[in-house]
Amino acid sequence: MAIDRSEIESEDCSLCEDCAKHPALKRFIAAYGVRDTVCGICFRDPDEAPYLSAAPEQFVALSNLVKALIRYEYDEERYNRHFGGDEISGLLSDPNPIIHHEETATHRRSALDSEPYLLRLVSDVYPPYESGVALHAGHSDGLQNTLLTALKSGQSELFREARKRIAQENYYVVEPAVRKVFDAIGRRIDNTVAEGTTFYRARIGTDGRYVTFEALSLNPRVRSRPYQGDLLGAPPPPLARGGRLNRAGVSFLYLASDAETAAAEVRPHPGHQLSVGSFRAVREVRLANFNVDIDAFAGSDEQLDLFSFIVATDNAMSRPIVPEAAGHYSITQLVADVARQRGFDGVVFKSSVGAGQNVCLFDSATFEYVPGSAAVKEVAALRYKFSPVEFLLTPQADDRLIKG
Ligand SMILES: [Zn+2]
């Protein structure tokens, strides 16, 4: 039996582990859960069957986390009613990745019932920059500020500024600004990898093909031999071309968390043969993880600005470098330099072509080839994924051409 919504104030409600949908919310409730508070979404009676809800005294932190997730997922346009958006509470009672909204056999949920609690969760829309999460860009001097964009798009003022400067100034002039961001982020991107952990590396091509004539068989066997050991490892410094994180002449070891991602990252074509093998950490390794969860940054806009920088860096690292930019010292190379100065052994970032993660080691000796692990694979097919982009067919007078 559920509690009658009219019997209970939204101030006395919380969010339960079942109605939380986003993994970050589930983690929050697991960490700060109590078993005696009514869920403001499903209104189950905890006296009948206890369940975990976020502790009421954690309300501000919970509210900031929910708002941070809204900021991560949605452009302000979607929920700013002055610009044709939905009500914020409406956003969460429609299909969304943050809070469950649909009625099930075990959970009675309705937009009408959950509205008071959802409104309360997002009510503080202009908290102080250092201590809360704002959902609106607001006004300056009577003028509307540019609307906020979804954090997942990776638009970061801090990142944009550093990237702009690196295109015009010597890198060591820009370095202190990036160091300051790193120091503000602190240990929140630390990722320790135990000695013996195995990652993967691929290289296009093989170390030759062998033909074998066998007795009783008319057809000879043809087999490829994979690159192994040093041939599969990082190129020596004089041969190292500039990469996403390393400058030309600097040798970093790029690995991936699984064999498929490692293979996809070398961007082979159908019909290509690849050598894939594994590498093992020879000691404990400290990595800077740019593919990190939002949890530790959800407390304020100040923290979310750091998180945006991390997302922007992750996006930039995962993008292939275009040939015309290969000669430039890039912002991602600068971030890698600062990570190295701060004592990290390498960097973790997402893969844009595989399901796993990429790992880049500043010293290739921190990982060794696992003897006998190499194999040869052939690319059977590639699958491209497209996303819609705004476009026009016939430019009008207002449409200014900015790039040919
Ligand atoms: Zn619930």
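Counting starts at 1 for both ligands and their atoms, following the listed order.
Ring pair Tyr369/Phe279 is perpendicular by interplanar angle, where above 60° counts as perpendicular and below 30° as parallel. Classified by interplanar angle (parallel below 30°, tilted 30° to 60°, perpendicular above 60°), the ring pair Phe59/Tyr117 is perpendicular. Classified by interplanar angle (parallel below 30°, tilted 30° to 60°, perpendicular above 60°), the ring pair Phe182/Phe290 is perpendicular.
In summary, no N, O or S atom of His107 is located under 2.8 Å from the Zn ion (ligand 1). For residue His100, no N/O/S atom approaches the Zn ion (ligand 1) to within less than 2.8 Å.
The angle subtended at the Zn ion (ligand 1) by SG of Cys19 and SG of Cys42 is 110°, given to the nearest 10°. Centred on the Zn ion (ligand 1), the SG atom of Cys39 and the SG atom of Cys16 lie at an angle of 110°, reported to 10°.
Cation-pi contact between Arg286 and Phe344: present, with separation from the ring centre below 6.0 Å and deviation from the ring axis of at most 45°.
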